[in-house]
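Heads up: the structure comes next, in C-alpha cells.
Numbers for residues simply follow the sequence, beginning at 1. These numbers were taken from a predicted model, which means no experiment stands behind them.
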Amino acid sequence: MARQQRPTLIDVAEAAGVSKALVSIVMRGAPGAGAATRERVLRIAAEMGYVPDQRARNLRSTATGVLGVTFELREPFHGDLVDEIYGAAADAGRDVLISAVTARRPESVALQTLLRERCEAAILVGSRSNPGEIERLTERIPVTLVVSEAAPAGAGDVRGDDAHGVQLAVDHLVSLGHRRIAHIDGGDAPGSRVRREAFVRSMAVAGSMAAHRHTRSASVIGGGITAVDGARAIRGLLEATSAADEFPTAILAFNDECATGVIDVLVRAGKRVPEDISVIGYDDARFASLLPVPLTTVSQDAHGLARHALEAVVAMADNETPRRIVVPPKLMVRATTAAPPR
C-alpha cells in the first residue's frame, strides 16, 4: 500500500476555513491571529497530525542579517527605491542582496536567488507575482511589498496613494484651463489599474463641476512603463487624430519614463511642450528634474517608501505583525505644464 501523505499547511487551512498565510502565522507563533482563531487552528492541526516542515523552519530561523530585494530593472524609480533601501539598511546595520527582474530574468528566478542565498527577509519592489506565489514565499521568509499590487494577509505592504496622486495631477491641469486631457496608462504594470480608474473618476468629477462643465470625458490610451511605450502610444494618437481641435492639450503619463517618450515624439512632430501641449509624469524619478525641460510629475517620495519598507520587513523578521502603510504623494510643478493654447 502507498504511504499516506502527511497533512500540509494547505490541508490545515482548508479544514480551518482560513488562509494558508494565517496558518503559517499561527504555526510560527507570530502576531497577526486572534486568540480564538489561533486556538482553533492549533486544535485542527493537532487532530490532523500536522507536523511543520523542519527544513522551512530552519531556513526561517537562520538570522543572516541580509535583506533580499527584488526590483524591475526597466523602472528608473525602482532603482531610486533600491538606492534609498541601501541607505536605510545601512542605518539599521543590515546588508542588502539585490536580485533584479529583467526581460530575460523573471521574478520567479529573482525570488529563488533570495531563498538560495538564505536572506533573512525580502522586500519586493513593484512585484508582479500573484497572491498565491507571495503567500508561499511568506511561509519561508518575512516579505514586504513596495509599490506593488495588494499584498496577501501574511505580507507587509508599503505603497503610495496612487488615486490621490492622479487627482493632484488632474486638478492641476484643470486649474490651468485644460479641457481635453488624456492618460497613457501603464499596461499591466502594478498600479496601472488604480491610476487608470482614478483618472477616469477625477475627470468625471471635473466635468461635473459648473466651472468646468465643458471638460471632456477621460481619454485613456494603452501604454506601458518605458519611453518606447510612451512614444508608441502618443504616435498612435497623432496618427488617429485628424483635427487639431480634437487632440488633447494635456497628457498624464503612467510614469516619468513613459512621459519622456511622449515628449520626444511630440517635439519631433513639431509640437511645443508646454506651449502646445502639457505633459505630466508620475514617480519623480531622479532624472525628472534634470531633463532639458524639467518634468512636472507626481512625487512618490522614494526616501519615505524605502524607510517604511525597511522598518516593516525588519519588524516582521522580529515576529511583528505585517504592516500596511500608505505614503501620501506630492505634485512637483516644473516646466512641462502650462495653460492650453488659445
Under the side chain to side chain contact (heavy atoms under 4.5 Å, CB included) rule, collect the residues that match up with Ala110, sequence neighbours excluded. Thr70, Ser99, Val101, Arg105

The reported gap from CE in Met332 to OG1 in Thr297 (rounded to nearest 0.5 angstrom) is 9.0 Å

Applying side chain to side chain contact (heavy atoms under 4.5 Å, CB included), can you list everything that pairs with Ala92, at least two apart in sequence or on another chain? Arg94, Leu310

Among the clusters formed by ILVMFWY side chains lying less than 4.5 Å apart, do Val96 and Val313 turn up in the same one? yes

Whether the side chain of Glu239 engages the backbone of Gly236 through a donor-acceptor N/O pair (distance < 3.5 Å, no angle test) should be reported. no

Going by heavy atoms in the side chains, are Tyr86 and Val69 under 4.5 Å from each other? no

Spell out, yes or no, whether Leu22 and Met48 are grouped together once hydrophobic residues are joined by side-chain heavy atoms under 4.5 Å, including indirect joins. yes

Under 4.5 Å between any side-chain heavy atoms of Pro329 and Asp161, yes or no? yes

Within the 4.5 Å heavy-atom criterion, are Leu295 and Ile263 side-chain neighbours or not? yes

Over all atoms of both residues, closest heavy-atom pair of Ala338 and His178: O-NE2, 2.7 Å

Can you name the nearest heavy-atom pair linking Ser129 to Ile134, along with the distance? CB-CD1, 3.7 Å

Testing the basics here: between Glu257 and Pro76, what is the closest heavy-atom pair and its distance to 0.1 Å? OE1-CG, 3.4 Å

Set of side chain to side chain contact (heavy atoms under 4.5 Å, CB included) partners for Leu266, sequence neighbours left out: Ile234, Phe247, Val262, Lys271, Val273, Ile277, Val279

Decide yes or no on salt bridge (Lys or Arg N to Asp or Glu O under 4.0 Å) for Glu311 and Arg307, but give the supporting numbers first. CA-CA 6 Å; Glu311 292 169 3; Arg307 295 280 164 173; over 6 Å; no

Find the distance between OG1 (Thr336) and CD1 (Ile251) and round it off to the nearest 0.5 Å. 11.5 Å

With side chain to side chain contact (heavy atoms under 4.5 Å, CB included) as the test, would you mind laying out the steps for Leu238 and Val265 before giving the verdict? CA-CA 9 Å; Leu238 284 166; Val265 170; 3.8 Å; yes

Less than 4.5 Å apart, any side-chain heavy atom of Ile184 and any of Asp229? no

Sorted by chain and number, sequence neighbours left out, salt bridge (charged side-chain N to carboxylate O under 4.0 Å, His left out) with Asp264 holds for Arg268

For the residue pair Val194 and Ala163, what are the closest heavy atoms and their distance? CG1-N, 4.1 Å

Applying side chain to side chain donor-acceptor pair (under 3.5 Å), name anything that partners Ser148, two or more places apart in sequence or on another chain. none

4.5 Å side-chain heavy-atom contact, Leu115 and Ile141: yes

So do Phe71 and Val146 actually touch side chain to side chain, heavy atoms under 4.5 Å? no

Any side-chain heavy atom of Arg128 within less than 4.5 Å of one from Glu72? yes

Salt bridge (charged side-chain N to carboxylate O under 4.0 Å, His left out) partners of Arg235, counting only residues at least two apart: none

Salt bridge (charged side-chain N to carboxylate O under 4.0 Å, His left out): pairs with one or both residues in residues 323-338, sequence neighbours excluded: Asp284-Arg334, Glu320-Arg323

Decide yes or no on side chain to side chain contact (heavy atoms under 4.5 Å, CB included) for Arg40 and Val18, but give the supporting numbers first. CA-CA 10 Å; Arg40 180 163 58 88; Val18 298; 3.9 Å; yes

Mind checking the CG-CG spacing from Leu305 to Asp80? Nearest 0.5 Å is all I need. 11.0 Å

Determine whether more than 12 heavy atoms belonging to other residues, nucleotides or ligands lie under 6.0 Å from atom CD1 of Ile10. no

Tell me who clusters with Phe254, hydrophobic residues only, linked when side chains sit under 4.5 Å apart either directly or through other members. Ile225

Connected via hydrophobic side-chain network under 4.5 Å: Tyr50 and Leu42: yes

Taking ring-ring contact (aromatic ring centres under 6.0 Å, His included) as the test, write out the residues that go with Phe199, two or more places apart. His183

Check whether any side-chain heavy atom of Thr260 lies under 4.5 Å from a side-chain heavy atom of Phe287, and answer yes or no. yes

Closest non-hydrogen contact found for Glu149 with Pro190 is OE2-CA, 3.3 Å

As an exercise, state the distance from OG1 of Thr113 to CD1 of Ile98, rounded to the nearest 0.5 Å. 12.0 Å

Is a donor on one side and an acceptor on the other found under 3.5 Å between the side chain of Asp318 and the backbone of Ala315? no

Could you please spell out the steps behind the side chain to side chain contact (heavy atoms under 4.5 Å, CB included) verdict for Val12 and Val26? CA-CA 11 Å; Val12 176; Val26 171; over 6 Å; no

Could you state whether Ile181 and Val333 fall into the same hydrophobic cluster, counting links through intermediate Ile, Leu, Val, Met, Phe, Trp or Tyr residues with side-chain heavy atoms under 4.5 angstrom apart? yes

In sequence, state the C-alpha distance, the side-chain angles, and the governing distance for Val66 and Glu117, and then conclude on side chain to side chain contact (heavy atoms under 4.5 Å, CB included). CA-CA 9 Å; Val66 176; Glu117 297 299 325; over 6 Å; no

Do Leu176 and Val174 share a hydrophobic cluster, counting only Ile, Leu, Val, Met, Phe, Trp and Tyr and linking them when any side-chain heavy atoms are less than 4.5 Å apart? no

Does the Asp256 side chain pair with the main chain of Tyr282, one donor and one acceptor, at a distance under 3.5 Å? yes

Sidechain N-carboxylate O distance under 4.0 Å for Glu197, Arg193: yes

Where is the tightest heavy-atom contact between Leu252 and Gly281, given as atom of each residue plus distance? CD1-O, 4.1 Å

Quick check for you: to the nearest 0.5 Å, what is the distance between Asp171 atom CG and His164 atom NE2? 9.0 Å

I'd like to check the side chain to side chain donor-acceptor pair (under 3.5 Å) partners of Gln300; sequence neighbours left out, ordered by chain and number. Asp283

If you draw a 6.0 Å radius around CD in Glu39, do more than 12 non-hydrogen atoms from other residues or ligands fall strictly inside? no

Using salt bridge (charged side-chain N to carboxylate O under 4.0 Å, His left out) as the criterion, list what pairs up with Glu84, not counting sequence neighbours. Arg286

Listed partners of Arg201 passing salt bridge (charged side-chain N to carboxylate O under 4.0 Å, His left out), at least two apart: none

If I take atom CG from residue Leu137 and atom CG from residue Leu111, how far apart are they, to the nearest 0.5 angstrom? 5.5 Å

